[in-house]
J.: 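The structure is given below, and queries will be raised subsequently.
Atoms within each ligand, like the ligands themselves, are counted from 1 in listed order. One-based numbering along the sequence shown. Worth knowing before you read on, the calculation uses all heavy atoms, side chains too, and leaves out hydrogens, waters and symmetry mates.
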Amino acid sequence: MNHFEYRDGVMHVEDVALPDIAAAIGTPVYVYSTATIERHIAVLRDGLAGVESGPAGPWIAFAVKANPNRAVLATMARAGLGADVVSAGELLRALAAGVPADKIVFSGVGKTADEMALALERGVGQFNLESEQEAVTLSQVATRLAIAARVAYRINPDVDAGTHAKISTGRSDNKFGIPYDTAAAAYARLAALPGIDVQGVAVHIGSQLTDLAPLEAAFVRIGGLIADLRAAGHVIRTADLGGGLGVPYDPSKPLPPNPADYGAMVARVTRGWDVRLMFEPGRLIVGNAGILLSTVVRVKEGAAHPWVILDAAMNDLLRPSLYDAWHDIRAVRPDGARFVANVVGPVCESGDTFATGRTMDRVAEGDLVAFMTAGAYGATMASTYNSRALTPEILVTGEEWAIVRARQPIESLIAADALPPWLQEEIA
Ligand code: PLP
């Protein structure tokens, strides 16, 4: 459920009419709903209410990569969530948004020694390590700083998540984690490293999962590993079950599993594990909490269908070009008529295509359209390709809204490039 609804024929986000935002800020612009974020957090918490997770309850760490805007992260922090980060930049953003360091998990397949040192100095709650080489480096950094590193290995359970190949992470031919089959031996070597405090196990098999079966298969393997590790004398206090739960993009498709069903499965599979469970949801929390608002620049005739050319492009919303992602595209003021169109951006790539042969609200030059379910992996993947400024972002709560990322002036983009001495005279 989200808080983007039509009132008197005009799409609103909570109590704010989208045309008001467009008039004030221009387009393209991302618009997020606080109420929707908070509702998704509550629905996930309710879904997990029945899991055994020790006195502190589940540790829910929002996957910052899904939406790293500081105001969005501050909304998560205010709701008591931690953060799952994969770079020094994400770590600093989470801290700057008020996420306590001990609620932060540092994931990622290529952490550098400098990033590890920063994370140790700031006191992150857990490192999810992805290789034995990484463990050796962390041990060296932790020993040098005399700060014990609390760690888990991310296990690659060799399970097919059944999602798009580019967001599948739990098969043996993916770069992520250490193999399940050799994990026990890897933990034995891990425990012997100085500066390392073995704390738990972790798994994350992919994103936009629409079936619970692969998740369950992965969790069953993790449960078996926990038992083996304990039998070998390790103290296992945490089990990080990752993120990955899908969200509805296409209203004509079956709904992905809801958090209640997910929570029931987790409760059943993890009963008796005697650990603190950790979760790293991203898309589930923010996907349906954001839209990308755009204006139709013009409609051009096409061989099969008209081309609806928008002022938003692949640099603003990469998902359709990157992995054929489907976003519902709606008129902000629909007049009831429908047509079949190709929806594209102005970037000079044929891949700058949002939809082909799409039956949608009829729109004309100057109309506003909304890309639904654009709150996750939207603005965070934006680039300045074709020298287009980074997309601004707005956060709404009730009747209030605020710019949480200003439109970047093109001049600042140009000024960021420096001229070498031998070219400065030419330009002056
Ligand atoms: N945790 C890790 C390690 C990830 O790589 C990701 C994203 O792929 C997530 C959590 C969040 O996934 P999602 O947004 O599908 O919940």
J.: Using the rule given for side-chain contact (heavy atoms from CB on, under 4.5 Å), can you reason through Asn128 versus Phe106, listing the C-alpha separation, both sets of side-chain angles and the distance that settles it, and then say yes or no?
T.: CA-CA 6 Å; Asn128 286 354; Phe106 197 174; over 6 Å; no
J.: For atom 14 (O) of ligand 1, what's the nearest protein heavy atom and its distance?
T.: Tyr377 OH, 2.6 Å
J.: Among the heavy atoms of Gly244, does any lie under 4.0 Å from an atom of ligand 1?
T.: yes
J.: With a 4.0 Å cut-off, would you call Asp328 and Arg330 a salt bridge?
T.: yes
J.: Would Gly282 count as a polar contact of ligand 1, with the cut-off being nitrogen or oxygen pairs under 3.5 Å?
T.: yes
J.: Which atoms of ligand 1 are found less than 4.0 Å from any heavy atom of Arg283?
T.: 13 (P), 14 (O), 16 (O)
J.: Could you check whether any heavy atom of Pro281 sits closer than 4.0 Å to an atom of ligand 1, since that is the contact criterion I want to use?
T.: yes
J.: So which protein heavy atom does atom 9 (C) of ligand 1 come closest to, and at what separation?
T.: His204 CE1, 3.3 Å
J.: Any idea which part of Asp84 is under 4.0 Å from ligand 1, heavy-atom wise: side chain, backbone, both or neither?
T.: side chain
J.: How far is atom 5 (O) of ligand 1 from its nearest protein heavy atom, and which residue and atom name does that atom have?
T.: Lys65 NZ, 3.2 Å
J.: So Thr34 and Val396, side-chain contact (heavy atoms from CB on, under 4.5 Å) or not? Walk me through it.
T.: CA-CA 6 Å; Thr34 304; Val396 174; 5.8 Å; no
J.: So, are Lys65 and Glu90 salt-bridged, with charged N and O less than 4.0 Å apart?
T.: no
J.: In terms of residue, atom name and distance, what is the protein heavy atom nearest to atom 15 (O) of ligand 1?
T.: Ser207 OG, 2.4 Å
J.: For Asp367, is there an ion pair with Arg333 - N to carboxylate O distance below 4.0 angstrom?
T.: no
J.: Using a strict 4.0 Å cut-off to heavy atoms of Arg154, name the atoms of ligand 1 that fall inside it.
T.: 3 (C)
J.: Specify the protein heavy atom at minimum distance from atom 10 (C) of ligand 1: its residue, its atom name, and the distance to 0.1 Å.
T.: Glu280 O, 3.2 Å
J.: Are Lys175 and Glu130 ion-paired here, with the side-chain N under 4.0 Å from a carboxylate O?
T.: no
J.: Between Arg7 and Asp15, does at least one N-O distance fall below 4.0 Å, as a salt bridge requires?
T.: yes
J.: Taking the basic N atoms (NZ, or NE/NH1/NH2) and the acidic carboxylate oxygens, is any pair closer than 4.0 Å for Asp102 and Arg122?
T.: no
J.: Which of the numbered atoms in ligand 1 are under 4.0 angstrom from any heavy atom belonging to Ala63?
T.: 9 (C), 10 (C), 11 (C)
